[in-house]
Amino acid sequence: MAKELAEKAKEAFLDDDFDVAVDLYSKAIDLDPCAEFFADRAQANIKLGNFTEAVTDANRAIELDPMLTKAYLRKGTACMKLEEYRTAKTALEKGASIVPNEPKFKKLIDECDFQITEEEKDLVKSGSSTLPSSSTPPASASTVSPAPTLAEPAKPKYRHEFYQKPEEVVVTIFAKGIPKQNVNVEFGEQILSVVIDVPGGEDAYHFQPRLFGKIIPDKCRYEVLSTKVEIRLAKADVITWTSLEYSKAPAVALKPNVSSAAAAVPQRPAYPSSKAVKDWDKLEAEVKKEEKEEKLDGDAALNKFFREIYQGADEDMRRAMSKSFVESNGTVLSTNWKEVGTKKVESTPPDGMELRKWEY
């Protein structure tokens, strides 16, 4: 029962119903107070802005399972939101010691170090401004200038766009001149995480959307080029994404109109176009209908008649037609192979006409 509640809570979380998720996780915890449920409720509380409650949940999860790395990640994230960077760093370093190759911990620890350094700078400045020099009399209140404020460094922003095929979505981030080792891309069931360390000491670029649809992480890939980062997301379901990021808009299932053999050939990406799409199947059907209903005279009508008979004939009938027509110089057309197959078909001119043989 507890697992079923937790599964429903996870579904509510993915649907951005974080209040419902917290409530369901709480019911699951009442039945089975395990570390996983506390850590997951901590994440839902973070989404709701309940950072103190998230820290409490993460601490409880750590007590129950000291090796649960996501509990340390939840605690570190919540503490950073509360601007408790030293506490956050301690939790994150513990989690990083369990999974040394996990880049998420390193990024957050680096951010904690930066914020701690800024806090120390502010303390030094505030301390020096309150201690007047022995040789300089204190300035009057009217002459004291306000302490200069440091502008926060601008976070890098890169333009991105996407297009899709039936089987994949291609995301392009236009980041020019970024070394490959500075780009880290991770794929989740419905999450894309892109972190780019910008050369020159600027803050890292983070792009972590919840995707419109589910993907197959093992089949996803990315490539760092000189002017961009190209990411290919393998769709879990053959549906049309109405946007890159999650939306409650209903998905549209694609209905391919090609044969299985043709479906194996990769299709070119479809871009929006103002031109009307032609229905070639419909046009072909209309042409055939016009040909069938077309009224012809003379030789044209006779040729059409012969062509229709030939198209609907079996192999023996076709052989009989060809043999009789050729041997009779076009005066006899037979569909009976048993009749014409064993003898030469003589010419039979129409009534009132005479057959003449030409000598060369």
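Throughout, numbering of the chain's residues begins at 1 and tracks the sequence.
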TODO: Decide if the gap between the ring center of His160 and the ring center of Phe207 is smaller than 6.0 angstrom.
DONE: yes

Open item on the list: Among Ile98, Leu92, Thr90, which residue satisfies the side chain to side chain contact (heavy atoms under 4.5 Å, CB included) criterion with Tyr72?
Closed with: Ile98

Is the shortest distance from a Lys or Arg side-chain nitrogen in [X] or [Y] to a carboxylate oxygen in the other one below 4.0 Å?
X: Arg60; Y: Glu63; result: yes
X: Glu315; Y: Arg318; result: no
X: Glu167; Y: Lys235; result: no
X: Glu11; Y: Lys8; result: no
X: Glu102; Y: Lys104; result: no
X: Asp40; Y: Lys70; result: yes

Give the cluster check for [X] versus [Y]: same hydrophobic cluster or not, with ILVMFWY residues linked at side-chain heavy-atom distances below 4.5 Å.
X: Val229; Y: Leu192; result: yes
X: Ile116; Y: Phe105; result: yes
X: Val224; Y: Ile196; result: yes

Between [X] (side chain only) and [Y] (backbone N and O only), is there a donor and an acceptor less than 3.5 Å apart?
X: Asn336; Y: Lys338; result: yes
X: Asp65; Y: Met67; result: yes
X: Glu327; Y: Val345; result: yes
X: Lys75; Y: Thr56; result: no
X: Asn182; Y: Asp197; result: yes
X: Gln164; Y: Trp241; result: yes
X: Lys214; Y: Asp237; result: no
X: Gln190; Y: Leu211; result: yes
X: Ser324; Y: Met321; result: yes

- [ ] Begin with the C-alpha distance, continue with both residues' side-chain angles, and end with the deciding distance and a verdict on side-chain hydrogen bond (donor to acceptor under 3.5 Å, both in side chains) for Thr172 and Glu161.
- [x] CA-CA 5 Å; Thr172 303; Glu161 64 181 30; 5.4 Å; no

TODO: Tell me yes or no: between the side chains of Asn50 and Asn45, is some donor less than 3.5 Å from an acceptor?
DONE: yes

Open item on the list: I'd like to know if the side chain of Asp57 pairs up with that of Tyr25 as donor and acceptor (distance under 3.5 Å, no hydrogens or angles considered).
Closed with: no

- [ ] On the 0 to 90° scale, with breaks at 30° and 60°, tag the Phe18-Phe13 ring pair as parallel, tilted or perpendicular.
- [x] perpendicular

Task: Member of Lys89, Lys107, Lys106, Arg86 meeting the salt bridge (charged side-chain N to carboxylate O under 4.0 Å, His left out) criterion with Asp113 - done: Lys89

Would you say [X] and [Y] make side-chain contact, with heavy atoms under 4.5 Å?
X: Val198; Y: Tyr158; answer: yes
X: Glu36; Y: Leu68; answer: yes
X: Val195; Y: Pro103; answer: no

- [ ] Work out which heavy atom in Asp316 is nearest to a heavy atom in Trp337; give both atom names and the distance.
- [x] O-CB, 3.6 Å

- [ ] Please report the shortest heavy-atom distance between Phe37 and Asp32, naming the atom on each side.
- [x] CD1-O, 3.2 Å

